[in-house]
Amino acid sequence: MYFKDSSSIIKYCNDNQLSLFEYALSYEMSLSELSKEEILTKMHEYLDVMKNSIKEGLKSSKGGKGKIIDRKAGDVYKSALSSHKNASGKTMVKAISYGLAVMEVNVTMGRIVAAPTAGASGIIPGVFKSLQETFELSDDKLVEGLLVAGIVGSLIAKNASIAGAEGGCQAEVGSGSAMAAVAGLYMLDVDIKHIFHGGAITLKNLMGLICDPVAGLVEVPCQKRNAIGVANSLIAIDMVRSGMESYIPFDEVVEAMKKVGNLMPSCHRETGTGGIANTETGIMYNHKIFGE
Amino acid sequence: MKNYSVFDIVGPDMIGPSSSHTAGAAKISFMASRIFGLDIVEVKFELHGSFSKTYKGHGSDKALLAGIMGIRHNDSRLRDAYIIVKGRLKYKFKKVDLGEVHPNTVRITMTSSTGESGVVQGSSIGGGNAIITKINDIDVEIDGEYDTLITAHKDKPGMISKLSYALSQEHINIAFMKVFREIKGKHAIMVLETDDKISKESLKHLKSIKGVYKTIYIPKGGH
């Protein structure tokens, strides 16, 4: 029941004719000793919080600003509704506006679901809402997807890390994007043999990404990193559904990500001292907000 | 290797922006106010390490104030803690060096309307998880992940069996149990984490046991 990697889970699911969701549910029931109903009810609550954070976040005028960033999700969303063309298409622009919305709610002390962390909390809601709109998925299906996302994250947490302080941004936005991609492929009924390719592709695309928050705040670059996390998941889902696969299997990509994280200097792991945090402008913001 | 619950990964639901600086901070002060158990009129937060450096940027100050007033880490009122606190209690934030402790540590000194005071210290250890590490001068370890019962009682033979027997009579299953004390034969603190909720009547009953000075109940933190 408790497996070390995705290939063992896939084998177990195939041998027992279980879907990834059914596996996730029995895993959680066994581990947390909660009933099926309790688990699904809690996930439904989380889904509601996620959807509500998108709704709140799109009302850009409300709820103030961050210490550095402005609320922009509403403007991005409006641009998807306008008659003008968008470079990346209406579906993509809407999806990233959802991811931005959640991050902007987070920054202004609104209510979100950390998934896997607060700093990467926009990705799963953005991808899930976008897929729900495009493919007319039910809320029950999204709840199944959240459990699948949880299993994917638990494998990454177990074999690598989901904390920016340990593995850099690849561990937060990378992991969130992988969770959303695998869950998305599950929700679109892709065969279990193929769905972890989505996780491998998303993690590879963001491998090595450092965590370099300006002034140590969850604002710059986190807001826009959530947008790339959403986009990364959606393109991976489309690639896998068209028959593309990752040449390197998911489990090996996770292992590589752990090694890359271990090699990262501490200035690139959420200390706010490297990358863009250590630029002239980054340092200026830090002084402006915290003095000294 | 640890097996993570899916709710360790998806969750907690919380008020942003930072699981360790906001949600964790709110959990510490919520637990602290429950442990103190009296009507708080004055509170002092002594912030150590990363807490002292960045508390304003992450809203840790609002989270700490909210928790003291009983507002939880996922309650939208947290953002308005400074408005809600007006006229309710006096507060003070101070940057300190508490020595060799976790970088996100706060020491909370609370004073009641009757002039009693108590000190609770806790650390935010990542992912929105928090632990209480000290109650007054006694080192403890409480994380609020279970329904938690804390008793202050006389350090003498038979107290633990009396308390655990009383719980078994109420059909409350003890998941974990630890006893802490400062000086032999004086005060002891026992922390019991249970699988079942503890009712007000049960708490009253436990408190009536001879040698028990105080019982404190902290309902499960929830993700």
Side-chain angles (χ1 to χ4, degrees), chain A residues 1-2 4 24-25 27-28 31-34 39 42-43 45-46 49-50 53 63-64 66-67 102-103 105-119 121 124 146-159 162-163 165 175 179 215-219 222 272 289-290, chain B residues 1-26 50-63 66 71-82 95 103-104 125-129 145-146 173 175 195-196 220 222-223:
Chain A
M1 171 68 35
Y2 304 135
K4 67 177 199 313
L25 188 61
Y27 169 94
E28 187 60 26
L31 189 68
S32 64
E33 295 178 5
L34 295 171
I39 293 167
K42 195 164 171 178
M43 273 307 182
E45 282 169 20
Y46 281 1
V49 175
M50 287 178 176
S53 55
K67 296 272 184 264
V102 175
M103 278 312 286
V105 165
N106 181 54
V107 160
T108 51
M109 299 193 80
R111 189 173 177 193
I112 55 98
V113 178
T117 60
S121 57
I124 289 178
L146 285 178
L147 268 144
V148 170
I151 281 291
V152 176
S154 76
L155 285 175
I156 300 173
K158 191 173 183 169
N159 296 304
I162 54 163
S175 300
M179 289 158 64
L217 302 172
V218 195
E219 299 197 19
C222 320
I289 297 160
F290 295 113
Chain B
M1 264 188 280
K2 188 183 168 183
N3 290 304
Y4 291 85
S5 156
V6 297
F7 295 114
D8 289 334
I9 310 293
V10 178
D13 65 324
M14 53 169 272
I15 302 304
S18 162
S19 54
S20 53
H21 290 82
T22 323
S50 170
F51 262 178
S52 73
K53 290 193 189 79
T54 65
Y55 74 97
K56 276 190 178 155
H58 288 117
S60 312
D61 47 350
K62 291 179 184 173
I71 297 168
R72 310 219 61 165
H73 63 280
N74 59 0
D75 186 328
S76 302
R77 292 177 297 163
L78 190 152
R79 180 160 57 183
D80 304 318
Y82 277 116
K95 298 178 182 185
N104 282 328
I125 54 171
N129 298 305
E145 291 299 307
Y146 283 79
N173 190 46
D195 291 326
D196 307 286
K220 193 166 155 179
H223 286 279

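Computed from heavy atoms alone, side chains included, the values below leave out hydrogens, waters and symmetry copies. The sequence lines fix the lettering, A, B, ..., with proteins before strands; numbering per chain opens at 1.
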A:Thr108 side chain reached by B:Arg79 side chain, heavy atoms, under 4.5 Å: yes
Inter-residue atom distance A:Lys4.NZ - B:Asn3.CG, 0.5 Å rounding: 13.0 Å
Value rounded to 0.5 Å, distance of CD1 in A:Ile156 from CD1 in B:Ile9: 8.5 Å
Region of B:Ser5 that comes under 4.5 Å of a non-hydrogen atom in chain A: both
Separation between OH of B:Tyr4 and NZ of A:Lys158, rounded to the nearest 0.5 Å: 9.5 Å
Results of side chain to side chain donor-acceptor pair (under 3.5 Å) for A:Ser32 - residues two or more places apart only: A:Glu28
Which of A:Glu33, A:Met179, A:Met43 touches chain B most, by non-hydrogen pairs under 4.5 Å: A:Met43
Part of A:Ile151 within contact of chain B (heavy atom distance under 4.5 Å): both
Pairing residues for A:Asn159 by the side chain to side chain donor-acceptor pair (under 3.5 Å) criterion, not counting sequence neighbours: none
Closest contact, heavy atoms only, A:Ala118 versus B:Pro17: CB-O, 3.5 Å
Contact summary for A:Asn106 and B:Gly16, nearest pair of heavy atoms: OD1-CA, 2.9 Å
When A:Ala215, A:Ala165, A:Ala114, A:Gly150 are compared by non-hydrogen pairs under 4.5 Å with chain B, the top option: A:Ala114
A:Phe290 vs B:Lys53, side-chain contact (heavy atoms from CB on, under 4.5 Å): CA-CA, chis, key distance, verdict: CA-CA 8 Å; A:Phe290 295 113; B:Lys53 290 193 189 79; over 6 Å; no
Residue part contacting chain B, namely of A:Leu155, when any heavy atom lies under 4.5 Å: neither
Side chains of B:Val10 and A:Met50 in contact at under 4.5 Å (non-hydrogen atoms): yes
Minimal non-hydrogen separation, A:Met109 against B:Lys62, with atom names: SD-CD, 3.7 Å
Interface residue of largest heavy-atom contact number with chain B, from A:Pro116, A:Cys222, A:Ala157, under 4.5 Å: A:Ala157
Rounded distance [0.5 Å steps], OG1 in B:Thr54 versus CD1 in A:Ile289: 11.0 Å
Flag, side chain of A:Arg111 to backbone of B:Asp13, donor-acceptor distance under 3.5 Å: no
Contact leader toward chain B among A:Ile112, A:Leu31, A:Val105, where contacts are heavy-atom pairs under 4.5 Å: A:Ile112
Interatomic spacing from OG in A:Ser154 to NZ in B:Lys2 - rounded to 0.5 Å: 10.5 Å
Backbone N/O of A:Gly216 and side chain of B:His58: donor-acceptor pair under 3.5 Å: yes
